[in-house]
Amino acid sequence: SQTIHQWPATLVQPVGSPLSLECTVEGTSNPNLYWYRQAAGRGLQLLFYSVGIGQISSEVPQNLSASRPQDRQFILSSKKLLLSDSGFYLCAWSIKQTYGYTFGSGTRLTVV
Amino acid sequence: AQKITQTQPGMFVQEKEAVTLDCTYDTSDQSYGLFWYKQPSSGEMIFLIYQGSYDEQNATEGRYSLNFQKARKSANLVISASQLGDSAMYFCAMSPKGDFQKLVFGTGTRLLVSP
């Protein structure tokens, strides 16, 4: 069966520090991968998506970047965090030509 | 561009009663999918139900049903026989059908089920 792992679950980072959040998927090949952010009390905003290794599309200009070094690994990074980067980050995957996502358990990031 | 509107920031229902969460959408696509997700306080997003734009029958999954009215562009979620564990945020979302699906989410409705 397919599973998605996302870590860490919570993170408190100072302003200006780097960030690396990792997401891995098991039990499937060549999935579409996504990073979403949810600000407090808000809906989800798509940040990045990837349809294959090394293929990254950005939806919103921001202080973040994403990489997909392996088929089932998706990484969200920042060189210098801003206060506005605080939020709940969710990784998700989907199988091409089908519908719907499966989400990871999320990372709650607080930038202080 | 696609847009999802959820006009109910919060809803209250008593245990064992039914509740309807509203969702309207806007799209120029002919083929699309509509979804409902549940987000409990733990934060995880749980898929509840899916409706394709060409599906003739309303989708049902256990106590969840989707009241799909294509002409009105609405996709309301109906939860029957509410349980205390149904208390959570509920998000309506849509995507075009294609090789990748970029879900567009509404702002959510917080449902509180009381004993």
Side-chain angles (χ1 to χ4, degrees), chain A residues 2-11 21 23 28 30-52 55-60 66 68 74 86-110, chain B residues 1-10 21 23-25 29 31-55 59 61 64 66 68 75 88-111:
Chain A
Q2 300 97 349
T3 56
I4 180 168
H5 302 281
Q6 187 179 346
W7 67 92
T10 59
L11 194 59
L21 301 181
C23 171
T28 187
N30 197 25
N32 295 328
L33 296 172
Y34 310 83
W35 279 110
Y36 276 83
R37 177 170 62 197
Q38 184 179 27
R42 306 284 296 277
L44 276 71
Q45 178 187 40
L46 179 62
L47 301 177
F48 301 95
Y49 65 90
S50 172
V51 300
Q55 301 179 60
I56 307 295
S57 296
S58 173
E59 286 292 297
V60 180
R68 185 171 177 173
F74 204 24
S86 293
F88 189 57
Y89 290 82
L90 286 154
C91 180
W93 71 274
S94 68
I95 301 174
K96 295 175 173 61
Q97 303 302 336
T98 63
Y99 58 81
Y101 291 4
T102 299
F103 283 88
S105 53
T107 296
R108 197 166 300 279
L109 171 67
T110 304
Chain B
Q2 299 177 327
K3 184 178 179 181
I4 292 283
T5 302
Q6 293 180 255
T7 57
Q8 305 157 316
L21 306 184
C23 173
T24 58
Y25 61 91
D29 292 331
S31 179
Y32 50 88
L34 294 158
F35 307 81
W36 277 92
Y37 283 85
K38 173 184 178 181
Q39 187 179 42
S41 57
S42 60
E44 61 182 315
M45 293 288 284
I46 302 169
F47 167 75
L48 295 178
I49 197 167
Y50 165 82
Q51 177 85 42
S53 57
Y54 288 109
D55 294 341
E61 289 287 347
Y64 304 108
L66 199 152
F68 180 46
M89 281 290 287
Y90 289 81
F91 291 95
C92 181
M94 73 178 302
S95 76
K97 286 192 176 182
D99 188 41
F100 57 87
Q101 297 88 34
K102 296 190 290 183
L103 286 182
V104 175
F105 285 84
T107 52
T109 296
R110 183 170 298 281
L111 176 66

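These numbers come from a predicted model, not from an experiment. Order of the sequence lines sets the chain letters (A, B, ...), proteins ahead of strands, with each chain counted from 1.
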*Asks:* Checking heavy atoms, do the side chain of Gln45(A), its backbone, both or neither come under 4.5 Å from chain B?
*Replies:* neither
*Asks:* Is Leu44(A) in contact with chain B via its backbone, its side chain, both, or neither, using a 4.5 Å heavy-atom distance?
*Replies:* both
*Asks:* Go through the atoms of Gln39(B) and report whether side chain, backbone, both or neither lie under 4.5 Å from a heavy atom of chain A.
*Replies:* side chain
*Asks:* Taking all heavy atoms of Tyr101(A) and all of Lys102(B), pick out the closest pair and write down the distance.
*Replies:* OH-CA, 3.3 Å
*Asks:* Are Leu103(B) and Tyr36(A) close enough, and set up right, to give a side-chain contact (heavy atoms from CB on, under 4.5 Å), and what steps lead you there?
*Replies:* CA-CA 10 Å; Leu103(B) 286 182; Tyr36(A) 276 83; 3.5 Å; yes
